[in-house]
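Input: a single structure, listed below in structure tokens.
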Amino acid sequence: MMPEFQRPRGTRDFGPEEMAKRQFVESEMRETARLFGFGEVMTPTFESTDLFIAKSGEDIVGELYAFEDKGNRNIALRPELTASVMRFYVNEMQSLPKPVKVFYYGNMFRYERPQAGRYREFFQFGAELIGAPSIEADAEVIALALATLKNIGLEDVVVRIGHLSILQSILDRTTISESEKRECRRIIDKGEIDKLKSILPDDAINELNMLFSNPDKVSSVLNTYPGVDYLRQLLNRLKAYGFTNCTVDFSVARGLDYYTGMVFEIDAPSLGAEKQICGGGAYKLADLFGGQEVNSTGFAFGFDRIILALENSEVEVPKQMLNAYILPIGDSARLPATEILMKLRNAGISTDMDLMGRNMSKAMKYANNIGAQKVIIIGEKELTEESVTVRDMKSGEQELVSISKIVQFITGCLN
Ligand code: ATP
Ligand code: MG
């Protein structure tokens with residue numbers, strides 16, 4: 001039978017096991033961001049559509065979940081968070097001491113063609129560093145992204161760093177219009193270099209091809225480009241942070257977005273087509289939103305793709321365990337069992353109790369199924385002795401433990 005209601009296309013449900021994994025990764029990410037001195041922010045799930053148009057141009061509307069609300073306002077579900085964070089910064093954070101270092105985690109919405117690793121509702125974890133000199137900010141932000149991936153155990157990644165000034169200076173030497181330049185960036189971002197032929201003259205395309213295929217030679221051939229020396233210094237700083245796995249790639253163009261200088265992307269090769277797990281770079285948005293011009297650098301992780309990449313790798317994400325499962329035998333055991341249940345929970349020991357009146361063997365099977373470490377059996381015989389039987393689910397060993405010592409006993413076993 002077909003269920004009556006289906007999830008909207010491109011959305012997902014997450015069960016407890018999936019959520020435990022996601023929450024583990026999420027908390028490692030938060031922890032790393034805090035280690036780096038970033039603080040968490042949260043902004044609304046929807047914004048004025050104009051905000052996203054101001055940042056990314058009219059073309060963005062095709063990708064948005066946008067609608068008119070009952071007060072005739074043009075509203076869009078957020079497709080990303082940099083625009084919201086910078087709006088927040090301009091409205092309320094400009095007078096804070098610099099730099100402002102913030103991070104976020106949340107769901108984003110894009111009207112895309114769903115496929116593996118590409119959804120209409122997906123999650124991003126990202127950070128923005130606002131108001132520091134650009135090379136310092138760029139290094140710190142890339143280092144945060146790399147340290148985060150390291151801490152969650154995803155080490156098989158490719159980091160590609162580019163600089164838009166180089167691409168820009170090649171485009172500026174042609175006579176094409178600003179909108180054609182944007183189109184070129186979009187095409188290069190998608191890796192469809194062949195399509196440039198209809199827009200760019202041959203010599204510009206040749207220059208780009210050389211640039212994209214031979215980044216290591218760039219220093220000798222193209223030293224005149226201002227971004228080259230900058231990237232060299234940036235790589236040096238990243239080395240001091242302990243990250244030596246960054247490569248230079250001038251084909252990183254970041255599509256529609258409002259980037260100005262350094263841009264970077266991180267891929268997880270195991271993911272195939274949708275392998276990009278992070279995009280970021282330096283941008284200037286504050287002035288566009290009515291504030292003072294300020295250097296900013298940020299990145300966004302595709303959280304869902306990182307989860308997929310972790311599933312492809314050997315990384316063990318700790319399974320959520322239940323510390324104890326209580327089995328009251330007979331009705332008279334229920335109330336004392338409830339008291340023990342709450343004593344354990346109040347002591348921070350995750351504990352569940354049989355609610356189904358299962359017998360011993362079925363209860364053991366169930367406890368095994370939910371991953372309980374200990375089963376606490378409370379029967380009439382035990383109660384007359386002010387005790388319970390504690391069974392270790394791994395070894396099968398059983399022990400009689402006095403009720404007055406039960407919290408201490410279980411705590412001791414868990415350490
Ligand atoms: P793509 O080129 O894959 O569409 P993008 O350049 O649009 O990516 P960004 O806007 O930079 O992506 O977002 C940062 C990250 O968010 C991406 O690297 C990707 O991992 C993830 N991401 C983007 N769109 C989706 C989506 N529809 N579903 C899942 N993850 C996504
Ligand atoms: Mg996209």
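In listed order, ligands and their atoms are each counted from 1.
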### Query
Salt bridge check: are Glu140 and Lys101 linked by an N-O gap of less than 4.0 Å?
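Result for this pair is yes, salt bridge flagged.
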Considering [options], which one's heavy-atom position lies nearest to [atom]?
| atom | options | answer |
| --- | --- | --- |
| atom 21 (C) of ligand 1 | Gly302, Pro79, Pro114 | Gly302 |
| atom 7 (O) of ligand 1 | Glu63, Glu121, Arg110 | Arg110 |
| atom 6 (O) of ligand 1 | Glu274, Arg254, Lys275, Gln115 | Arg254 |

### Query
Just by distance, with hydrogens left out, do Glu121 and Asn107 show a side-chain donor and acceptor under 3.5 Å apart?
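Yes, Asn107 and Glu121 have a side-chain donor paired with an acceptor closer than 3.5 Å.
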### Task
Provide the closest heavy-atom pair for Glu128 versus Gly298 in the form atom of the first, atom of the second, distance.
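Smallest heavy-atom distance, with atoms named: OE1-CA, 3.2 Å.
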### Query
With only distance considered, is Tyr119 within less than 3.5 Å of ligand 1 through an N or O on each side?
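Min N/O separation from ligand 1 is below 3.5 Å for Tyr119.
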Which of the atoms of ligand 1 are close to [X], meaning less than 4.0 Å from one of its heavy atoms?
| X | result |
| --- | --- |
| Gln124 | 13 (O), 14 (C), 15 (C), 16 (O) |
| Cys278 | 18 (O) |
| Ile277 | 18 (O), 20 (O) |
| Glu112 | 24 (N), 25 (C), 26 (C), 27 (N) |
| Gly117 | 28 (N), 29 (C), 30 (N) |

#### Entry: Stepwise ring-ring contact (aromatic ring centres under 6.0 Å, His included) test for Phe250 and Phe212
CA-CA 6 Å; Phe250 292 109; Phe212 298 164; 8.0 Å; no
### Query
Looking only at heavy atoms, is any part of Arg120 under 4.0 Å from ligand 1, and if so is it the side chain, the backbone, or both, or is it neither?
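Neither; no heavy atom under 4.0 Å.
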### Query
So is Gln276 in contact with ligand 1, going by heavy-atom distances below 4.0 Å?
yes
#### Entry: Any donor-acceptor pair under 3.5 Å from Lys98 side chain to Gln94 backbone
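Yes, the answer is positive, given that a donor and an acceptor are paired below the 3.5 Å cut-off.
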### Message
Once you measure the plane-to-plane angle for Tyr325 and Tyr366, does it fall in the parallel (<30°), tilted (30-60°) or perpendicular (>60°) bin?
### Response
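Aromatic pair Tyr325/Tyr366 classed tilted.
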### Query
So Phe301 and Phe125, would you call those rings parallel, tilted or perpendicular, with 30° and 60° as cut-offs?
tilted
### Query
For Thr148, which of Arg30, Glu28, Met29 qualifies under side chain to side chain contact (heavy atoms under 4.5 Å, CB included)?
Met29
